[in-house]
Amino acid sequence: MQVRGVRKSYGAVDVLRGIDLDVETGEVCCIVGPSGSGKSTLLRCINHLEKLDAGQIHVDGTLIGYRRAGRRLHELSERDAARQRSAIGMVFQQFNLFPHLTVLNNVVEAPVRVKRERPAEVQDRALLLLDRVGLRSKAHAYPAQLSGGQQQRVAIARALAMRPRLMLFDEPTSALDPELVGDVLETMRALADDGMTMIVVTHEIGFAREVGDVLVFMDDGVIVERGAPADVLAGPTEERTRVFLSKVL
């Protein structure tokens with residue numbers, strides 16, 4: 001994935017101020033930084049939930065959200081953007097499960113509705129994914145019957161059901177009680193071990209150190225520092241990074 005010169009403003013507020021970022025296939029890129037630094041907005045731009053004011057984003061060589069006509073870019077229709085978005089899984093802070101559907105049907109819904117896959121085939125895949133996140137026994141339960149950590153693992157299975165090339169995680173453990181965080185992080189570790197390309201906005205510094213291939217520190221809409229997690233955490237080169245890490249380590 002390549003991000004080049006991405007800018008995003010809301011009114012007079014510049015949220016992203018020229019972001020350049022490369023994430024190689026199979027890499028885990030962890031993004032840390034204070035609230036309001038633009039981390040979540042960057043993720044939403046990557047899957048075109050937010051329109052860019054400037055710049056371009058490519059995933060596996062495909063321009064996201066736009067098509068090129070000569071020297072000009074034209075925004076895709078919502079239908080075409082949704083088709084692109086189906087290849088980029090996203091897991092939010094809140095679980096956003098459909099409360100009226102069972103766990104199994106939450107996982108099955110998008111591949112059948114969006115990609116028009118055969119329900120029987122999707123159901124078989126969904127059960128395997130629920131196995132993968134340790135929740136096959138909850139297939140016929142409803143979200144309200146699950147803990148927050150279980151709901152987040154269902155959300156991960158739901159995203160994986162679309163067979164994404166890239167997974168985006170927006171602080172996936174921030175809404176969880178501390179004792180529920182471990183199971184979600186373990187699921188994410190297993191995805192990383194399987195070679196899934198991942199961009200993870202997180203406050204879990206231990207996860208970033210152990211699982212991340214690249215650590216990015218953002219502040220005030222720019223990337224301040226990036227590098228191998230062990231190097232950035234042990235010896236940040238930028239003063240702003242040092243101040244931030246002194247408060248979270």
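This is a predicted model, so every value here is computed, not measured.
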Do the non-hydrogen side-chain atoms of [X] and [Y] ever get within less than 4.5 Å of each other?
X	Y	value
Pro99	Tyr142	no
Glu78	Arg83	no
Leu249	Arg209	yes
Phe217	Val222	no
Ile46	Leu42	yes
Asn47	Leu168	yes
Cys30	Val214	no
Glu50	Tyr10	yes

Donor-acceptor check, side chain of [X] to backbone of [Y], threshold 3.5 angstrom: yes or no?
X	Y	result
Glu27	Glu24	yes
Ser147	Gln150	yes
Asn106	Leu97	no
Gln152	Pro172	yes
Arg67	Leu76	no
Arg85	His48	yes
Arg125	Ala161	yes

[X]-[Y] side chain donor-acceptor pair, cut-off 3.5 Å:
X	Y	answer
Tyr66	Gln84	no
Arg118	Gln123	no
Thr173	Glu204	yes
Glu225	Thr237	yes

Single-linkage hydrophobic cluster, 4.5 Å side-chain cutoff, [X] and [Y] together:
X	Y	answer
Val201	Val224	no
Ile88	Val6	yes
Leu130	Met167	yes
Val154	Leu127	yes
Met218	Leu233	no

Inspect the contact between [Y] and [X] and indicate whether a charged nitrogen and a carboxylate oxygen are less than 4.0 angstrom apart.
X	Y	value
Arg4	Asp22	yes
Arg132	Asp194	yes
Arg17	Asp14	no
Arg7	Asp53	no
Arg226	Glu238	no

Notebook entry, point to check: Going through the checks in order, is the side chain to side chain contact (heavy atoms under 4.5 Å, CB included) test met by Phe92 and Leu43?
Noted result: CA-CA 10 Å; Phe92 299 88; Leu43 291 193; over 6 Å; no
Spacing of [atom1] belonging to [X] relative to [atom2] belonging to [Y], to within rounding of 0.5 Å:
X	Y	atom1	atom2	value
Asp60	Leu166	CG	CG	8.0 Å
Leu52	Ser9	CG	OG	11.5 Å
Leu185	Glu210	CG	CD	9.0 Å
Arg136	Asp131	CZ	CG	5.0 Å
Asp193	Met188	CG	CE	12.0 Å
Glu186	Phe207	CD	CZ	9.5 Å

Grab the two heavy atoms, one from [X] and one from [Y], that are nearest each other, plus how far apart they are.
X	Y	value
Ile57	Cys45	CD1-O, 3.5 Å
Gly33	His203	O-CE1, 4.0 Å
Asp20	Ile223	O-CD1, 3.4 Å
Leu101	Pro143	O-CD, 3.2 Å
Ala157	Val107	O-CG1, 3.9 Å
Gly221	Ile19	O-CD1, 3.4 Å

Margin query: Let's go through Ser37 and Asp219 carefully: what are the C-alpha distance in whole Å and the side-chain angles of both, what is the deciding distance for side-chain hydrogen bond (donor to acceptor under 3.5 Å, both in side chains) to 0.1 Å, and is it a yes or a no?
Written below: CA-CA 4 Å; Ser37 58; Asp219 189 33; 5.5 Å; no
Kindly check if the number of other-residue, nucleotide or ligand heavy atoms within 6.0 Å of [atom1] ([X]) is above 12?
X	atom1	value
Gln145	CD	yes
His74	NE2	yes
Lys8	NZ	yes
Lys51	NZ	no

Margin query: Between Val23 and Thr197, does the side chain to side chain contact (heavy atoms under 4.5 Å, CB included) criterion hold? Intermediate values first, please.
Written below: CA-CA 8 Å; Val23 179; Thr197 309; 3.9 Å; yes
Notebook entry, point to check: Among Ile31, Asp170, Leu16, Thr202, which residue meets the side-chain contact (heavy atoms from CB on, under 4.5 Å) test with Lys39?
Noted result: Ile31
Check: Taking it one step at a time, do Val211 and Met198 satisfy side chain to side chain contact (heavy atoms under 4.5 Å, CB included)?
Finding: CA-CA 10 Å; Val211 181; Met198 298 162 59; 5.8 Å; no
Check: Checking side chain to side chain contact (heavy atoms under 4.5 Å, CB included) for the pair Met90/Leu49: CA distance, chi angles, key distance, verdict?
Finding: CA-CA 11 Å; Met90 187 158 183; Leu49 288 174; 4.1 Å; yes
